[in-house]
Amino acid sequence: MSPHLMELSASTLVLYPSSHSEESKKENGVLAFESNFPQMKGEMPKEFFWPSGDLIKATEEELKEPLVDLGIMKNGDEKAIANAVELVRHACLKHGFFQVINHGVNPDLIDAAYHEIDTLFKLPMSKKIIAKRKPGALSGYSGAHADRFSSKLPWKETFSFLFHHQGFSNSQIGDYFESVLGQDLQHTGRVYEEYCEAMKELCSVIMELLGISLGVDDLHYQRFFEDGVSIMRCNYYPPCNSANHTFGTGPHTDPTSLTILHQDQVGGLEVFVDNKWRAVRPRSEAFVVNIGDTFMALSNGRYKSCLHRAVVNTLRERRSMAYFVCPREDKVVKPPEILTSKNEERKYPDFTWSNLREFTQNHYRADAATLQSFLEWQRSSNSSNF
């Protein structure tokens with residue numbers, strides 16, 4: 001039986017079964033986008049349609065998030081640092097979102113990383129399938145997350161891989177790319193190795209700023225994440241002729257600790273603030289930073305995990321690069337004592353990142369209530385063991 005094929009504007013939805021049996025078509029097929037087929041008329045597959053209640057449009061007013069100048073962290077200007085701290089504190093208390101400029105990441109490296117996004121997603125589908133993400137895993141290729149879900153699919157392709165903060169060779173990502181995609185992608189791996197090293201350094205500065213803003217030891221969060229394993233994800237959002245009926249990424253908070261994202265100039269990222277969706281203006285010179293569920297727990301609920309989504313464009317493709325900061329898997333997630341010692345109750349019980357990760361990979365689709373749902377699941381699981 002031939003694969004299901006339907007042309008959608010400049011992009012084509014293709015289901016490639018890994019074998020010819022009906023069972024494997026159902027369980028092992030990879031849903032992906034391909035643009036090398038003649039255009040055909042057709043409607044968007046029903047798997048990509050989202051409920052009208054989720055499709056509330058953003059207001060015309062853009063989000064007025066703070067632009068935090070990180071250059072001041074190097075020159076030691078105490079007054080400027082105090083001002084930056086206040087900007088971060090206010091944003092994190094309100095919606096968990098800000099952008100950073102003068103971050104020290106080489107613009108040429110950012111451009112090179114975008115070039116490799118094009119390299120990755122223009123690979124033949126046969127290559128992408130070889131690299132597809134396995135059930136429960138974090139690394140690999142995914143087309144519309146159809147390996148995990150069967151409805152409300154996001155209109156995107158992703159390629160994810162892990163980055164160990166310490167204890168691994170300086171070719172860990174290059175080795176991974178070579179192992180799943182062959183020697184032709186060695187250069188791509190080296191570019192992302194350098195990019196992730198830059199993200200690790202940038203994260204260290206941001207963590208120091210967050211620590212100061214919460215009134216804890218400046219280095220507390222740096223030390224907490226120094227032996228972590230973060231997730232790097234390249235996102236590709238093809239044009240969609242039914243953009244008003246789907247999302248590139250549905251509304252959710254990130255279960256990870258911190259997300260450092262660079263987006264191209266097409267736009268599409270939106271944040272939920274004051275009961276309204278507001279668009280985030282793309283800034284080529286800035287990185288987006290948003291608080292995730294794990295850091296919300298590490299701040300004892302003071303800082304808000306950012307509720308966000310990504311819309312797609314009818315005519316233009318969009319690309320972004322997300323670096324999800326995570327602690328070591330077995331590390332216990334709990335706030336520093338100073339945040340709970342002044343008659344302030346613990347908002348969340350202890351948990352490990354590995355348990356939260358396992359919950360979101362195998363039991364739950366991330367949304368606006370991921371952390372609360374996880375804690376209920378954890379309590380239920382613990383009680384069932386007695």
Side-chain angles (χ1 to χ4, degrees), residues 30 32-33 70 100 102-134 137-143 156-207 222 225-237 256-265 284-289 317-329:
V30 174
F33 297 96
L70 294 185
V100 295
N102 292 326
H103 40 68
V105 181
N106 190 331
D108 291 340
L109 176 58
I110 298 172
D111 290 342
Y114 273 116
H115 178 78
E116 297 310 320
I117 284 184
D118 296 335
T119 299
L120 281 173
F121 293 113
K122 288 179 181 177
L123 287 171
M125 188 52 58
S126 57
K127 278 270 194 181
K128 293 178 183 178
I129 291 175
I130 292 172
K132 73 175 182 178
R133 189 172 60 191
K134 293 178 173 58
L138 295 173
S139 298
Y141 168 82
S142 175
K156 68 177 176 179
E157 292 180 277
T158 66
F159 197 95
S160 308
F161 43 95
L162 300 178
F163 177 72
H164 294 77
H165 299 180
Q166 60 181 217
F168 271 68
S169 72
N170 58 6
S171 62
Q172 56 174 301
I173 296 176
D175 293 343
Y176 171 74
F177 271 76
E178 183 177 355
S179 69
V180 297
L181 291 170
Q183 291 185 347
D184 291 347
L185 273 294
Q186 277 186 329
H187 175 72
T188 301
R190 286 195 294 269
V191 169
Y192 286 124
E193 188 88 44
E194 186 178 352
Y195 186 87
C196 286
E197 287 288 351
M199 291 301 98
K200 183 178 75 171
E201 295 303 315
L202 175 56
C203 174
S204 180
V205 177
I206 295 170
M207 287 297 178
Q222 287 184 350
F225 288 98
E226 65 184 1
D227 56 355
V229 183
S230 291
I231 306 162
M232 178 71 200
R233 177 170 296 161
C234 301
N235 299 304
Y236 172 69
Y237 303 88
T256 49
S257 298
L258 200 70
T259 303
I260 305 175
L261 176 131
H262 199 281
Q263 58 175 334
D264 65 15
Q265 297 304 292
S284 61
E285 78 283 11
F287 279 93
V288 162
V289 180
E317 64 183 8
R318 176 176 178 259
R319 302 164 302 163
S320 68
M321 299 178 290
Y323 181 80
F324 299 102
V325 181
C326 308
R328 197 180 68 225
E329 288 190 350

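Nothing here was measured: the structure is a model prediction, and the numbers come from that model.
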Does the side chain of [X] reach to within under 4.5 Å of the side chain of [Y], using non-hydrogen atoms?
| X | Y | value |
| --- | --- | --- |
| I260 | L202 | yes |
| F225 | C203 | no |
| F159 | L181 | yes |

Fill in: F287 and I110: CA distance, side-chain angles, deciding distance, side-chain contact (heavy atoms from CB on, under 4.5 Å) verdict
CA-CA 11 Å; F287 279 93; I110 298 172; 3.8 Å; yes
Counting distance only, does the side-chain N/O of [X] pair as donor-acceptor with the main-chain N or O of [Y] below 3.5 Å?
| X | Y | value |
| --- | --- | --- |
| E157 | Y237 | no |
| S230 | C326 | yes |
| H187 | G174 | no |
| H103 | V105 | yes |
| E193 | Q172 | yes |
| K132 | Y141 | no |
| S204 | E201 | no |
| Q263 | S320 | no |
| H262 | S284 | yes |
| N235 | R319 | no |

Reported [atom1]-to-[atom2] distance for the pair [X] and [Y], which is rounded to 0.5 angstrom:
| X | Y | atom1 | atom2 | result |
| --- | --- | --- | --- | --- |
| Q222 | I206 | CD | CD1 | 11.0 Å |
| I231 | C196 | CD1 | SG | 11.0 Å |
| S160 | L138 | OG | CG | 7.5 Å |
| L123 | L185 | CG | CG | 5.5 Å |
| M207 | K200 | CE | NZ | 13.5 Å |
| T259 | R233 | OG1 | CZ | 9.5 Å |

Discussion item. Please verify the inter-ring angle class for Y192 with F177; under 30° counts as parallel, over 60° as perpendicular, anything in between as tilted.
Written reply: parallel
Item to complete: Give the C-alpha distance, both sets of side-chain angles, the deciding distance and a yes or no for side-chain contact (heavy atoms from CB on, under 4.5 Å) between C234 and T158.
Response: CA-CA 6 Å; C234 301; T158 66; over 6 Å; no
Worksheet item: Should V289 and L258 be marked as a side-chain contact (heavy atoms from CB on, under 4.5 Å) after you check the CA-CA gap, both sets of side-chain angles, and the distance that decides it?
Response: CA-CA 7 Å; V289 180; L258 200 70; 3.9 Å; yes
Worksheet item: When the ring centroid of Y195 is compared with that of F163, is the distance short of 6.0 Å?
Response: no
Worksheet item: Regarding E317 and Y236, is there a side-chain donor-to-acceptor distance under 3.5 Å anywhere?
Response: yes
Discussion item. Hydrogens and angles aside, do E226 and H165 bring a side-chain donor and acceptor to less than 3.5 Å of each other?
Written reply: no
Worksheet entry | Single hit among M199, M232, E116 for side chain to side chain contact (heavy atoms under 4.5 Å, CB included) with M321 | M232
Item to complete: Evaluate the criterion side-chain contact (heavy atoms from CB on, under 4.5 Å) for residue pair V180 and I130; output intermediate values, then yes/no.
Response: CA-CA 7 Å; V180 297; I130 292 172; 5.7 Å; no
Worksheet item: Under 6.0 Å from the CD atom of E194, do we count more than 12 heavy atoms belonging to anything else shown?
Response: no
Fill in: Closest heavy-atom pair and its distance - L109, V191
CD1-O, 4.0 Å
Response to the item:
Between D264 and Y114, the two heavy atoms sitting closest are N-OH, 3.1 Å
